[in-house]
Asks: 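Handing you this structure, nothing more for now.
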Amino acid sequence: MSALTLGPLLFHWPAAQRRDFYARIADEAPVDCVYLGEVVCSKRLAWYEKDLPEIAARLRRAGKQVVFSTPALITETREVKAVAALAALCAAESLIEINDLAAVPLLGGQKFVSGPLINVFNEATRDVLVRLGAVRVNAPIELSKSALATLAAGNPTGETEIFAFGRQPLAISQRCYHARAHDLHKDECLFVCEHDADGLMAAELDGRPLLAINGTQTLSHGYFVLLDEIDELRAAGVSHFRLSPQALDMVAVATLYRAALDHAVGTEEVLARLQEGIAPISVINGYLHGRPGMAWQPRRP
Amino acid sequence: MAELEFPILLAGNILSRLPAPVLTRAAAVLMRRLERRHPRLFRALSAQSQMMIGIEPSDLPHRFLLRFGGGAINLTAAAHFTQAPTTTIKGRLAALLALLEGRLDSDAAFFSREITVIGNTAAIVMLRNTLERDAVDLLAAITAMFGPAAPVAQRMALTLERHIASAHRRAEQRHDAFHAARREPAPLATRCERLEREMQTLSGRLARIEAQARRRGQSGKVT
Amino acid sequence: MKRYLELVCPAGTPMALRVAVDAGADSVYCGFRDCTNARNYPGLNFDPDELRAGVAYAHARGCRVFVAVNTFPRAGDLGPWQRAIDAAADAAADAVILADLGTLDYAGRHYPRLRRHLSVQAAAASPLAIRFYAETFGVSRVVLPRVLAVAEVAALIGKTGVEAEVFAFGSLGTMVEGRCYLSSYMTGRSPSCDGVCAPAEQVSYREEGNQLASYLGDVLMNRVDASEGAAYPTPCKGRFLVRGEPRYLFEEPTALNVMPLLAELKAAGVTALKIEGRQRSRAYVGAVVAAFRRSLDALAAGEPLPMETALRGVAEGGRETFGAYQKGWR
């Protein structure tokens, strides 16, 4: 049985748009689990923190597991406090996804999901995390198909999650590049990242699109799409497939992926329909095949 | 600066006048000497997969081709490359020699554009790192070729020392120039002061024009 | 002689190790000739015999040797990392510098008496993260990421009680280290697992008119005029079009130099200063180590620090910065 998950919304959307997005996900998207919370910039949380309990409740009522995601970097006091508070709140009913190992001591022994920004490149590291309380382990996006298979195969928790759709998070920094691109300082950033629902494009000097900037995070410009590799990875033990929210019709994306997982629609057709929605932005999957991440390896005929 | 450059030009001139085949023969002798002095280095270089590096001293009319890997090493001179090497390194002879001896930091020489690399960098990085493992003493090899008292060797020694000193200095000067070029635009206060001065000048001129106009007006009234 | 701040110096080759020791390094760090360390460049690094000889040379002169095994093994291929730790222990290295949880776990279980330093590749930048590594794996020193201001460094040392090693000079990445996939995105080879950012075989330069263009894989990193300095063709130093304008989106080509902050760092409780640059030449190592040795000795003796202008000549982009140590960097 494969689960479809919706990763945390990485971009800074206005609170109303965010509420509407999750309402529709709760009502219509065939996903089994939804990650909520701020991973990229803890300053953003103030804009929508108050909405999260209601969003979570609605998702749960719709039968979805809710996991609270925590920041990629926990350095400032407000970040430490926020994670500690979340841990206390979630103790009873929800899991927490960690994206910085600094979160582990704040969990007080609670079980957790190891997020995709934790460096779990190998089975020895996976086992350390399981000993520390991980019940589900996300693989880093950089791993190839065969490494993913090895990582999933011996996972004692039986829950291995991989990134399946969306712009791939490539780097995180203490510096805010959205602010920098607007000649602003991080402390007085005016939340300029709000204007780019899918990130701000950075192109090569000759104009070819290359990256997408999202505050302190840098993502791929192309959309990662994992489709043809699903069956092989599932056979190896991958249990959860993650869709990363973009400013697209994510209900449609989730529906297509559900159909692909269930073999209800062929992957070629799913890909064609995803590409329609994404165009003119390209699709990428290079990491899976040991190639540059920005490459696309078409299905072998 | 000029007198320091003089011996360099001299050495350049000597080398410039030699025809390529003579240089190639001299290079072969030099390489054999170096191999005897640095057997480990030569073993390491010839053990690589085959690589070819073009060397273009900007102050010589000659081009050199260094081939290493695949069990052999050789250096040949030519007026032009007959086939384009995958990597070419360009720079003054002195900088190139200092790099060979590990006496100039290659990255710094690259940052300051003292040397330029064109093409794929795999071969050049491999060569640089392999050279870094051994202290190549070019002067000792040359002295051994010509005999210690040879004026050619002495002149080359002097030239080389000065060359390296000036390459270092040029690198620093280039860095200073970059610093100067990147200096922040005049701070706000300075700009305000300048504007204030301009305004004072302008209001002075305006006052004079007004005074002239008044005088003209008064004279008008009078007339 | 009591040294207030330990000077930790890079050695990409056995020759550089000797240069660093002779120039006054208190400790030298190096790695093996494979993907187990983060400077896996062709022709660089040590084999086990070279390491043994290097350790003997350093120990005879009162200098310690740390071995970086600071990349992340890919699933199904733990062997090289375990062998690297075995070889470091066998060569009587004074510490191993590690980042991967599984590798830390292996080293702790098999060589409990071998000191474990936390690599900057683990990017532990908070008291919580540092305490996590100290308590879980018995890490005795942490190399701090280049993202903290001096006051933050001081606060962090106060809260953890773990030795702190901070970067003092050299190249400056702006991304959280060990978690940056930009280079593999463009080349397929991973800084985290293959130990190489902007691998040499994927870097090329072309003359385009009067400009020099640099490429990483087939990605255009930058074009510079003859009057501009060149930079490493790493993605975080590239110039890209953002909002229609070419700009150094992540960081200008620049080198970190904390020479003027030595007294502050000492006061902050820093144990060791780290010079970056195992991929650099021994000329660089000699110049930088000697300059820092002079300054640290002057600092220890309470004398005024010598003016060290020579370092600018080896700085990337010919430009120096305090990086995050100074407020406003973020």
Asks: If we define contacts as heavy-atom pairs under 4.5 Å, which of B:T121, B:L99, B:T88, B:L131 has the most with chain C?
Replies: B:T121
Asks: When only pairs under 4.5 Å are counted, which of C:E50, C:Q202, C:R206 shares the most heavy-atom pairs with chain B?
Replies: C:E50
Asks: Taking side chain to side chain contact (heavy atoms under 4.5 Å, CB included) as the definition, give me every residue that meets it alongside B:E35, ordered by chain and number, with sequence neighbours left out.
Replies: B:F42
Asks: Go through C:S281 and B:D105 one step at a time and tell me if the side chain to side chain donor-acceptor pair (under 3.5 Å) criterion holds.
Replies: CA-CA 5 Å; C:S281 67; B:D105 178 55; 2.4 Å; yes
Asks: Find out whether C:V65 and C:L51 are in side-chain contact, i.e. whether some heavy atom of one side chain is under 4.5 Å from a heavy atom of the other.
Replies: yes
Asks: What part of B:A135 is in contact with chain C, defined as an atom under 4.5 angstrom from a non-hydrogen atom: side chain, backbone, both or neither?
Replies: both
Asks: What part of B:T116 lies closer than 4.5 angstrom to a heavy atom of chain C: side chain, backbone, both or neither?
Replies: side chain
Asks: Examine whether an atom of B:L127 lies under 4.5 Å from a heavy atom of chain C, and if so say whether it belongs to the side chain, the backbone or both; otherwise answer neither.
Replies: neither
Asks: Quick one: side chain to side chain contact (heavy atoms under 4.5 Å, CB included) partners of B:T76, sequence neighbours excluded?
Replies: B:T24, B:L65, B:R67, B:N74
Asks: Do any N or O atoms from the side chain of B:T87 and from the backbone of B:G119 form a donor-acceptor pair under 3.5 angstrom?
Replies: no
Asks: Looking only at heavy atoms and a cut-off of under 4.5 Å, which of B:M126, B:Q48, B:R133, B:R128 has the most pairs with chain C?
Replies: B:R133
Asks: Quick test of your reading of the model: are B:R43 and B:D134 salt-bridged, counting only N-O distances below 4.0 Å?
Replies: no
Asks: How far apart are the C-alpha atoms of B:I118 and B:E56, what are their side-chain angles, what is the distance that settles it, and do they pass the side chain to side chain contact (heavy atoms under 4.5 Å, CB included) test?
Replies: CA-CA 11 Å; B:I118 302 296; B:E56 288 190 33; over 6 Å; no
Asks: Is any residue of residues 7-18 of chain C within less than 4.5 Å of chain B by heavy atoms, and which ones?
Replies: C:G12, C:T13, C:P14, C:M15
Asks: For the side chain of C:D225 and the backbone of C:S227, is there at least one donor-acceptor N/O pair under 3.5 Å apart?
Replies: no
Asks: Please output the side-chain donor-acceptor pairs of residues 32-41 of chain C that fall under 3.5 Å, not counting sequence neighbours, one pair per line with the distance.
Replies:
from	atom 1	to	atom 2	distance (Å)
C:R33	NE	C:L44	O	3.4
C:D34	OD1	C:T36	N	2.9
C:D34	OD1	C:T36	OG1	2.5
C:N37	OD1	C:R39	N	2.9
C:N37	OD1	C:R278	NH1	2.8
C:N37	OD1	C:R278	NH2	3.2
C:N37	ND2	C:F32	O	2.6
C:N37	ND2	C:D34	O	3.3
C:R39	NE	C:Q279	OE1	3.0
C:R39	NH2	C:E276	OE2	2.8
C:N40	ND2	C:D194	O	2.9
C:Y41	OH	C:C197	O	2.8

